[in-house]
Amino acid sequence: MNNPKDNQELNATLDIEAIQAKWLPIWEKKQPFNASNDPDDDRKRIYVLDMFSYPSGDLHMGHAEAFAIGDVVSRYYFQKNYNVFHPVGWDSFGLPAENAAIKRGENPAKWTYANIETQAESFKRYAISFDWSHRLHTSDPEYYKWTQWLFLQLYKKGLAYRKASNVNWCPSCQTVLANEQVVAGACERCSAVVTKRELTQWYFKITDYSQRLLDDMEQLEGKWPERVLTMQKNWIGKSEGAYVDFQVEGIEKPVTVFTTRPDTLFGATFFVVAADSKLAQELVLEEKKIELNNYIQEVRKATDIERLATDRPKSGVFLGRYAINPATQQKIQVWASDYVLADYGTGAIMAVPAHDQRDLDFAKAFKLPVQVVVDTGEEDPALTGVATPGDGKLINSGPLDGLDKVSAIKKINEILEKNKQGKGAVNFRLRDWLISRQRYWGAPIPIIHCPKCGEVAVPESELPVRLPDLAGDQLAPKGTSPLAAATSWVNTKCPKCGSDAQRDSDTMDTFVDSSWYYLRYPSAHDATKAFDPAQLKRWLPVEQYVGGVEHAILHLLYSRFFTKVLNDLGLVDFNEPFKALLNQGQVILDGAAMSKSKGNMVDLGEQIAEFGVDAVRLTMVFAGPPEDDIDWAEVSPGGSKKFLARAWRLAKDVTSEVDEDFEKGELSLRQATHRTIAEITTLIESFRFNVVIARTMELVNVTRKAIDTGCGPKDPAVREAVEAITIILSLFAPYTSEEMWEILGHKELVSKAGWPQVDPKLLVRDSVVCVVQVSGKLRARLDVSPDISSEELEKLALETPNVVKILDGKAIRTVIVRAPKLVNIVPE
RNA sequence: GCCCUCGUAGCCCAAUCGGCAGAGGCAGCAGACUUAAAAUCUGCACAGUGUGGGUUCGAGUCCCACCGAGGGCACCA
């Protein structure tokens, strides 16, 4: 069809390097993605946010996936002519910078800000549709000033406090960790085995918000991944039950326990307190003290991982004392054991071995009595060694006899309350958030310790409390904060009384920084306040948040907590920060997470050099549903590259003029185009981007055929199809689509093109295929009008030759008609 | 141990309400173009949906059991 010269021209390959070099400076100059703050701009507004980056080096494959996915959402709303706010920033405090600084003998700022610059350049090259004018870094004093200010607001409300406690200690990071940062007994960051230390630390009182953190999830239902909501629910861990008071012989005040099974009170045959609790020390008889303390020593030696092993035999010490079961008036032994936790409930339990496996294991180990009080129909736990925690009829329980679990709980709670021996109660697994860290590269806690006045808040006018300029060995971990050794910084005057005082030398967990950054973005450079209420009104809450599931119970829980606190303080007028959440998966290789130590890293820069930015982005989004992991060994960036070149060639083939009247175009291609647009619109809004791309590929194939063997390159329908393809591709492949848009003769950027309008007339089909089944088996296909009546369709189906043959004169029991798509004939 | 999600072609993945198992891609094969290769274009083949039951006119889709994979929680009383 074409002479060889033309052929060469038509098969020209897309020079990716060249178009990247061509468009990057143009975008840089035009900044097409800045949000409008014009009060008269009445377009719909939308805040699209990606979880910000930690500047540990250049961008990697994980960033490439997450930001490619977030960018589809952002660019889609730009095309829909929304006023989109899609800001960028860095979570730039944290340990990796500090460790690098120690190695290099520098201040962490140097490494941090160099990495930020590298990532910023990479983000630009990767063509993420950011509004760069609101850029922030959490390690800037202009930012952490407000982190400190927020700490003080919480402090004033009694939501930031200091207490001595047995805390998680990471021996490798040389700092304490929050509960959320301990994963299966190991440090979330470095995987070192976490140990316990008795230390005085700062906490945020997140437990005050347990119930609300649960209740408000109702707003997120359906808009956050189910998995994340479940994880948060589990983490908050609400248990309903009762407090029950036990008298202990020789002790004045009763000891209270928390139980979820007050109905089994008559089966409580012994009593256990946490070995490492104060309570154990109060209850232990003098002559048992040495034994108890030896035991505690033993327990302390065990790591969390050993402690958590479920097959570990129960251990404990009899404290020499007896408690009185308030229901049976029986004397029961009081023991101390490490299977009871000091910081959950009251640190003491009533043990019901018949109906709780842990208690039964303990009873077996120390030959304590077992009393069945619920008849579950199962065998006697004392004989089988298997506790029966299920529901059944209460027995051996006086007034509770014959009741089921729910009624028994209700009744015993009434009795306890009447006798002032207890009451119904709720307990949560969630612990307060430990926020102090014994490291340098974080926001200093704005508190001064005065020998006369005690804890004194740094006056707001003196914020920020800047970090002193330390470097290299000065930052080396010593088990206490490096700031403590910076004497000229630590030593100060008490703001209240003026006497010699010392600054708090701990810094805040970096999760504090990230708990409010989304509030800072709209007024990122406002030096007078943390965030601007007018701007918050304009943009918040975040409409669509995009990020990894690894933050399900860290950043996402903390941010929800912060928002609720600020809501209570009257500083924000919403109580959930992120209306919708999209979790992207990980990029893995050969079924395993990529890691430097395994040496199976895929380098993003190399992938981009080989396939181009667009092909890498397209591959990330086409690989599968966004939340699935992408195994880079199983996907084909080469295929993406080929597809993009194929699409680009379409643009080159179009020979009609820019202002073509599409109405004059060939009908079947127009219908295909409009059907694709209609379908893609709903697919994008449900995040099914892989299917969007598949549909686009289909349209490319159809258009190719139309050009080569159909209506030809000059038909207006071809231009319409290629323009639609170009605009759709602009969500995934910014460079290729920009180039295509220009080839098509447009002067504006493709990001300003606007989402193509669907003409409903073109969605109507003049005939559809109707499936005719006999007993559910496909027997014929009919071409029918889409608005055919059921009666007519049934008649047509019954007349179909093949159907007549299959039925063979048999009587018909029923005919199911789903006009116009299906008829199912069921013979007797 | 408890809870959740998922098992569709050699591979990655599609399949509104239960209604023709296949849209798209990778890999494969064949052809066209080419001196040849690459590139490009065209065409082809491949599974009956992890297994066993059940509900239904009809099940990839709903229910039950089992197997397998992934994830979460895990001495939280």
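Per chain, numbering begins at 1; letters A, B, ... match sequence-line order.
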For [X] and [N], is the shortest distance between a side-chain N/O and OP1 or OP2 below 4.0 Å?
X	N	result
Asn701(A)	rG25(B)	yes
Thr696(A)	rG24(B)	no
Asn690(A)	rA14(B)	yes
Tyr344(A)	rA77(B)	yes
Arg649(A)	rA39(B)	no
Arg646(A)	rC41(B)	yes

According to side-chain contact (heavy atoms from CB on, under 4.5 Å), who are the partners of [X], at least two apart in sequence or on a separate chain?
X	value
Ser775(A)	Pro827(A)
Val815(A)	Glu794(A), Ile812(A), Val817(A), Val823(A), Ile825(A)
Leu822(A)	Gln773(A), Arg818(A), Asn824(A)

Below 4.0 angstrom, N of the basic side chain to O of the carboxylate: do Asp708(A) and Arg704(A) qualify? yes
Rounded to whole Å, NZ of Lys821(A) lies from C1' of rG18(B) at a distance of 12 Å
Asn802(A) CG to rC20(B) C1', straight-line distance once rounded to whole Å: 14 Å
Using a 4.0 Å heavy-atom cut-off, does Arg227(A) contact any base of the nucleic acid, only the sugar-phosphate backbone, or nothing at all? sugar-phosphate
So Arg779(A), base contact, sugar-phosphate only, or nothing? Heavy-atom distance under 4.0 Å. nothing
Using the test ring pair (Phe, Tyr, Trp, His ring centres under 6.0 Å), find all partners of Phe362(A) that sit at least two apart in sequence or belong to another chain. Phe270(A), Trp335(A), Tyr339(A), Phe366(A)
Provide the full list of side-chain hydrogen bond (donor to acceptor under 3.5 Å, both in side chains) pairs with a residue in residues 633-645 of chain A, sequence neighbours left out, each pair given once. Thr619(A)-Ser640(A)
Residues of residues 676-684 of chain A with a heavy atom under 4.0 Å from any atom of RNA chain B, listed by number, are none
Both Ser640(A) and Met231(A) contact RNA chain B. Taking the nearest nucleotide for each, which residue is further toward the 5' end? Ser640(A)
I want to verify a distance call: between rG72(B), rA23(B), rA77(B), whose nearest atom is closest to the Asp356(A) side chain? rA77(B)
Assess whether one donor atom and one acceptor atom, taken from the side chain of Gln357(A) and the base of rG1(B), lie less than 3.5 Å apart. no
